> 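Mind looking over this structure? Questions follow.
No experiment lies behind these values; they were computed from the predicted model shown. Heavy-atom basis, side chains included; hydrogens, waters and symmetry copies ignored. Position 1 is the first residue of the sequence, and the numbers go up from there.
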Amino acid sequence: MKILNCLILSGLLFVLHGCEPPNWDINELYRQKIEGTSKVLYKYYATGGFDAEAEGYRILDSSETFQVDEKKDLPFIYLLQTPSKTFIGGVSTDCNNSCGEDYKKATPIFIPIKQENTERQDFKITNIIYQYKGFAERDGGLERFQFEKFEERRDSLLFYNLDDVESLNGKHLDSLKLKKRDVSIMQNSNHDVIKIIFEDLVIDKNSDEVISNLTYYLTPKNKLNSREFSDYGIFKQVIK
């Protein structure tokens with residue numbers, strides 16, 4: 001009987017422990033200021049016990065310290081544009097019978113299947129939701145380039161003299177212009193730029209059809225400090 005009681009107690013302790021939130025390790029953390037406010041927008045990826053993973057976006061006041069709390073994450077997986085002082089928009093996907101075993105037989109849908117509008121900390125939040133298969137089939141893959149110099153404008157970044165040095169048939173671009181939609185700068189403790197990551201999601205303005213979703217990895221040919229970029233419309237890696 002004592003052995004049985006011990007086993008029951010051990011099982012209860014295991015279940016209770018399993019219900020506790022994971023102890024998160026923040027693997028990547030980025031932040032950008034939101035113009036005209038004291039708020040900042042964080043983007044993160046974290047791992048925890050029992051193979052737990054968490055990633056997303058959070059709004060915090062600039063005086064607050066970031067901690068993982070998935071319940072407070074914004075509802076989308078990509079930003080649509082630079083946040084304004086009243087509005088943040090993004091997109092996410094829904095299986096909608098097009099995931100896993102259903103993927104091959106599902107008919108892709110490229111326009112939104114629904115839209116959710118909420119409010120969070122005085123911001124209007126719009127989440128445009130796409131069918132998983134339709135969104136995935138417009139994935140354009142990954143492009144890698146090294147660039148010589150750049151120019152920043154209010155809504156975009158321009159890069160010059162770009163070379164693809166990783167492909168066998170590497171190509172050259174005189175220039176590349178990318179909108180500030182979802183751009184992140186990886187940097188070291190000296191603020192030297194390691195890599196710039198662009199999620200170049202293109203949505204048709206009239207129909208909201210997803211046109212393409214291409215990721216760019218851009219690395220500088222010469223030493224470049226992240227302070228040469230503004231803090232608006234660009235995520236910069238938080239260095240511990």
> Quick check: do Asn161 and His172 have side-chain heavy atoms less than 4.5 Å from each other?
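Of all side-chain heavy-atom pairs linking His172 with Asn161, at least one is under 4.5 Å.
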> Judged by atom type as modelled, is there a donor-acceptor pair below 3.5 Å linking the side chain of Arg120 to the main-chain atoms of Lys72?
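Side chain of Arg120 to backbone of Lys72, a donor-acceptor pair under 3.5 Å: yes, one is there.
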> Given side chains that start at C-beta, do those of Arg153 and Lys177 come closer than 4.5 Å, heavy atoms only?
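Result yes, sub-4.5 Å side-chain heavy-atom pair found.
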> Identify each donor-acceptor pair in which a side-chain atom of residues 100-117 lies under 3.5 Å from a protein atom, sequence neighbours left out, and give them as a table.
| from | atom 1 | to | atom 2 | distance (Å) |
| --- | --- | --- | --- | --- |
| Gln115 | NE2 | Asn117 | OD1 | 3.3 |
| Asn117 | OD1 | Thr126 | OG1 | 2.9 |

> Please check if Tyr78 and Leu74 belong to a single hydrophobic cluster, counting links between Ile, Leu, Val, Met, Phe, Trp and Tyr side chain heavy atoms closer than 4.5 Å.
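No, it is not one cluster - the side chains of Tyr78 and Leu74 are not joined through contacts under 4.5 Å.
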> Run through Glu199, Glu152, Glu35 and flag the one making a salt bridge (charged side-chain N to carboxylate O under 4.0 Å, His left out) with Lys180.
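Among the candidates, only Glu152 passes.
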> Using a 4.5 Å cut-off on heavy atoms from C-beta on, say whether the side chain of Val68 contacts that of Ile26.
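Yes, their side chains come closer than 4.5 Å.
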> So do Tyr45 and Glu53 actually touch side chain to side chain, heavy atoms under 4.5 Å?
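Contact flag for Glu53/Tyr45 side chains = yes.
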> Would you give the length of the straight line joining atom NZ of Lys149 to atom CD of Glu228, rounded to the nearest 0.5 angstrom?
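CD of Glu228 is found 13.0 Å from NZ of Lys149.
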> Measure from the ring center of Phe159 to the ring center of Phe145 and say whether it is less than 6.0 Å.
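No, ring centres 6.0 Å or more apart.
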> Side-chain contact test, heavy atoms from C-beta onward, threshold under 4.5 Å: evaluate it for Phe198 versus Thr215 and give yes or no.
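Not touching, per the 4.5 Å side-chain cut-off.
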> Could you tell me whether a side-chain N or O of Gln121 sits under 3.5 Å from a main-chain N or O of Ile59, the two making a donor and an acceptor?
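Yes: the side chain of Gln121 pairs with the backbone of Ile59.
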> So, Ser62 side chain and Ser38 main chain: donor-acceptor pair closer than 3.5 Å or not?
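Indeed, once roles are kept as given, a pair shorter than 3.5 Å links the two residues.
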> Count the heavy atoms belonging to other residues, nucleotides or ligands that lie under 6.0 Å from NZ of Lys221, then report whether that count exceeds 12.
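It does: Lys221 NZ has more than 12 such atoms within range.
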> Could you tell me whether Glu64 atom CD has more than 12 heavy atoms of other residues or ligands within 6.0 Å of it?
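Enclosed.
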> Not counting sequence neighbours, which residues clear salt bridge (Lys or Arg N to Asp or Glu O under 4.0 Å) with Glu70? List them please.
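Testing Glu70 for salt bridge (Lys or Arg N to Asp or Glu O under 4.0 Å), a comparison that skips the adjacent residues, returns none.
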> Quick one: do Phe123 and Val40 end up in the same hydrophobic cluster if we chain Ile, Leu, Val, Met, Phe, Trp and Tyr together by side-chain heavy atoms under 4.5 Å apart?
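Different hydrophobic clusters.
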> Between Lys179 and Asp155, does a salt bridge (Lys or Arg N to Asp or Glu O under 4.0 Å) hold up when you go through it step by step?
CA-CA 6 Å; Lys179 289 281 189 180; Asp155 66 343; 2.9 Å; yes
> Tell me if a side-chain donor or acceptor on Arg58 pairs with a main-chain N or O of Gln67 at a distance below 3.5 Å.
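A pair under 3.5 Å: yes.
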> Decide if atom CG of Asp51 counts as having more than 12 heavy atoms of other residues, nucleotides or ligands within a radius under 6.0 Å.
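Atom CG in Asp51 is not crowded, with 12 or fewer foreign heavy atoms closer than 6.0 Å.
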> Counting heavy atoms not belonging to Tyr130, are there more than 12 under 6.0 Å from its OH?
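More than 12 within 6.0 Å, yes.
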> For the rings on Phe235 and Tyr30, is their centre-to-centre separation under 6.0 Å?
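No, the ring centres sit 6.0 Å or more apart.
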> Can you find a heavy atom in the side chain of Arg181 that is under 4.5 Å from one in the side chain of Val202?
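Touching, per the 4.5 Å side-chain cut-off.
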> Just by modelled atom types, is the Phe229 backbone N or O under 3.5 Å from a matching donor or acceptor in the Lys236 side chain?
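Looks like yes, one N/O pair under 3.5 Å.
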> Does the side chain of Leu214 reach to within under 4.5 Å of the side chain of Tyr216, using non-hydrogen atoms?
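Yes - at least one pair of side-chain heavy atoms lies under 4.5 Å apart.
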> I would like to know whether Thr47 and Asp25 meet side chain to side chain donor-acceptor pair (under 3.5 Å); could you show each step before the answer?
CA-CA 5 Å; Thr47 54; Asp25 291 321; 4.8 Å; no
> Indicate yes or no for a side-chain donor-acceptor contact from Asn96 to the backbone of Ser98 under 3.5 Å, with no hydrogens or angles considered.
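Not confirmed, Asn96 side chain does not pair with Ser98 backbone.
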> Looking at side-chain heavy atoms only, is the closest gap between Leu158 and Ser175 below 4.5 Å?
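Leu158 vs Ser175: side chains apart.
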> Report the distance from atom NZ of Lys39 to atom CD1 of Ile34, rounding to the nearest 0.5 Å.
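Taking NZ in Lys39 and CD1 in Ile34, the distance rounds to 8.5 Å.
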> By side chain to side chain contact (heavy atoms under 4.5 Å, CB included), which residues pair with Asp139, not counting sequence neighbours?
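Side chain to side chain contact (heavy atoms under 4.5 Å, CB included) list for Asp139, sorted by chain: empty.
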